[in-house]
Amino acid sequence: MQMSGAQILVQALKDEDVQIMFGYPGGVLLDFYNALFGSGLRHVMTRHEQAAAHAADGYARATGRVGVCMATSGPGATNLVTGITTAYMDSIPMVALTGQVASYMIGGDAFQEADIIGITRPVTKHSYLVRKTEDIPQIIREAFYIASTGRPGPVVVDLPKDILSGKGKYLRPEKVEIRGYRPSVNGHKGQIKRVLSELRKCKKPVIYAGGGIIISGATRELVLFAERNKIPVTTTLLGLGGFPGDHPLFMGMLGMHGTYQANMAIHSSDLLLAIGARFDDRVTGNVSKFAPEAKVVHIDIDPSAISKNVAVHLPVVGDIREILSNLNAQQEDEEPVWNEIRESWLERVAYWGQEKPLDYDRTSSSIKPQHVIERLSELCPDDTIITTEVGQNQMWTAQFFRFRHPRTLLSSGGLGTMGYGFPAAMGAQFAFPDRLVVDIAGDGSIQMNIQELATVAQHNLPVKILILNNCFLGMVRQWQELFYEARYSSTCLASNPNFVKIAEAYGVKGILIDRKEDVDAGLVEMMKHKGPVVVNCLVDREEGVFPMVPAGAATNEMIFGSRKKQEKKLRAVK
Amino acid sequence: MRHTISVTVENKSGVLARVAGLFSGRGFNIESLSVGETLDPTISRMTIVTRGDDRIIEQVIKQLRKLIDVIKVSDLTGTSFVERELILIKVKARESGRAEILRINDIFRGKIVDVSPATFTFLVTGDQDKTEAFIRLVRPFGILEIVRTGKVAIAREV
């Protein structure tokens, strides 16, 4: 049967089991949106294409499925770029569909023409410019396969107008075979044996787990592995939830704003097991001083992640869950090594935890942002999904919210995209309409995609936005305070709008929290409300995120508070 | 150290841009790059000459392998292989120097592909040492223009 390219595309997306897509129409997509109308394929129109990409990303992170977004040619497509890059940096499976001017007009600087394949080449796992209508089924099949396998990532499919309006037959390809793409799954057996032998020799092992744990769904295997060998665990920002936050072996996040315990343990360890992590500079601090005494074992699906930033002694390339279950299976018959040295290591790690736990001034009469997050963590259901924006709000969330399950924290780690959290929360909420989804936002970040209040209002989508409002771009302000003599250049947001009124103007409930004693009641009111809510929580304006590893310092050179006291310490570090 | 890397890729448009973009985006350097179709018309071969320490070369190879359109990557350096480059070189040739230049060309088994009253254009092929040596020897006469193909290389059968 002859179908239009647009109808073929709709059918191909349905056959990939796409439950929902996020997009924004435009001139060259008229055929597609016409075919979509009444097709049964669910489409949510956002109010900005960037939000469509982040919503698809949030959907993907919350579910593990491929997120799908769409935008028209030219400015629509370029507005997706930040969202695509965000997904690329954090290895999120996404298919981004872009309209393109008609094939015969490409290169002629036509109206709303942009070379989106060229623009996104460095920030996609792969991309396709469709040249024939009948290629659509094969390309869509490949795009989903590439996006979701190996180390996942975004794939762009650029669809010229004449390809969508042209006629062809739809036949779903039975299977996908790409000769240049065969991700390895099972780790090398010899390497796995060597990991076991390192485990028997080590005295001070530490597990440093990243987002790969969550992507491969290896939480159970990791817990078993860590428990059996009694190894303390720290995770990256993207790894939070990949290991239970209330587990006795858990040390919290490591790195620039990581816990004293995790950073000291890494610094002193003699065997560092890096699992699904990539030694990002926010984790390592000064690379040459990172885990200086440790032998490094690196388990990751991406061979190019091995020895990219830090020299690895023992790489194992493959799917983390496969490799961890293989390690666990091989250990089944042997009693893991346990001796006094290992026991005293665990004691030392525990001591670091008690010596300098994460803390803030609990006696202050102003609302401390950490307090708000701690209370939310206490009061909200176990399966709550938290998204964050970027900056202080993100780091306080990482420090003070107790993440117990994988896929409960959605945050832009690699790219650090302000404006990510709200649309990502929408994506997660569409996937899980009955769960509580809260975007922990800053007053700066929320204004980068605040137009999406129209989308949540339209769908009565019960996303909660909790703005920790300090009327500053807080993280930049903190750096200015610490390193630039408190010259607050372009970071003061005293002209913020009234967020409660903004919410109400969109038909969304707004709550103001401006007294410490109202925090609990305000949070409960937010959670109980059936629809979307914006909470404007006025927090201590100059609170900082601590501990902090200053840029260029080693992870054991942390500072614990701001102002004068710290300036002295900083000078000593330098 | 200089490495010669042989890469087979899908013979499709956009592939060269992906490879070149990878090098520029990650700060790797390309000394030369040549591309041509292989026996299988759906596959092209790129010969890339690049420089870097072991860590960089390892990254170059791994990042190339990560591209979906890249089928196979082999680092020929350190293995047994044959390499050739072709250069076209236009040299000033006035009365006094003409005989001398021709003698040099003979030694290098170059071909004269164009003659004018004041210039010779030579075609010289060889490995990098040979082409570089030829350029060095004719430089004193005055080189007007050089066009080089970049290196192509093929592994030896053992």
Other residues, nucleotides and ligands only: do more than 12 of their heavy atoms fall within 6.0 Å of [atom1] on [X]?
X	atom1	result
A:Arg282	CZ	no
B:Arg51	CZ	yes
B:Asp53	CG	yes
B:Phe81	CZ	yes
B:Asp40	CG	yes
B:Arg139	CZ	no
B:Lys90	NZ	no
A:His188	NE2	no

Within residues 120-143 of chain A, residues adjacent to chain B where the heavy-atom gap is under 4.5 Å: A:Arg121, A:Lys125, A:His126, A:Ser127, A:Arg131

Side-chain donor-acceptor pair present, A:Arg179, B:Thr42, cut-off under 3.5 Å: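 Yes, because at least one side-chain N or O of A:Arg179 sits under 3.5 Å from a partner of the opposite role on B:Thr42.
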
Where B:Lys66 and A:Asp302 come nearest, the two heavy atoms and their spacing: NZ-OD2, 2.9 Å

Using non-hydrogen atoms and a 4.5 Å limit, figure out which bit of [X] sits close to chain A: side chain, backbone, both or neither.
X	result
B:Ser13	side chain
B:Leu22	neither
B:Arg18	both

Chain A interface, residue from B:Gly25, B:Ala17, B:Gly14 that has the most non-hydrogen pairs under 4.5 Å: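 Winner by heavy-atom pair count: B:Ala17.
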
Toward chain B, the part of A:Arg151 with a non-hydrogen atom under 4.5 Å: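 Answer is side chain: those atoms of A:Arg151 sit under 4.5 Å from chain B.
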
Positive for side-chain contact (heavy atoms from CB on, under 4.5 Å) with A:Ile178, one of B:Ile68, B:Ile71, B:Asp69: B:Ile68

4.5 Å side-chain heavy-atom contact, B:Arg65 and A:Pro303: no

Gap separating the CD atom of B:Gln59 from the OG atom of A:Ser304, nearest 0.5 angstrom: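 Between atom CD of B:Gln59 and atom OG of A:Ser304 there are 5.5 Å.
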
Those residues that, when tested against B:Phe108, pass ring-ring contact (aromatic ring centres under 6.0 Å, His included) (two or more places apart): B:Phe134

A:Lys308 vs B:Lys62, side-chain contact (heavy atoms from CB on, under 4.5 Å): CA-CA, chis, key distance, verdict: CA-CA 10 Å; A:Lys308 185 167 68 182; B:Lys62 284 175 172 174; over 6 Å; no

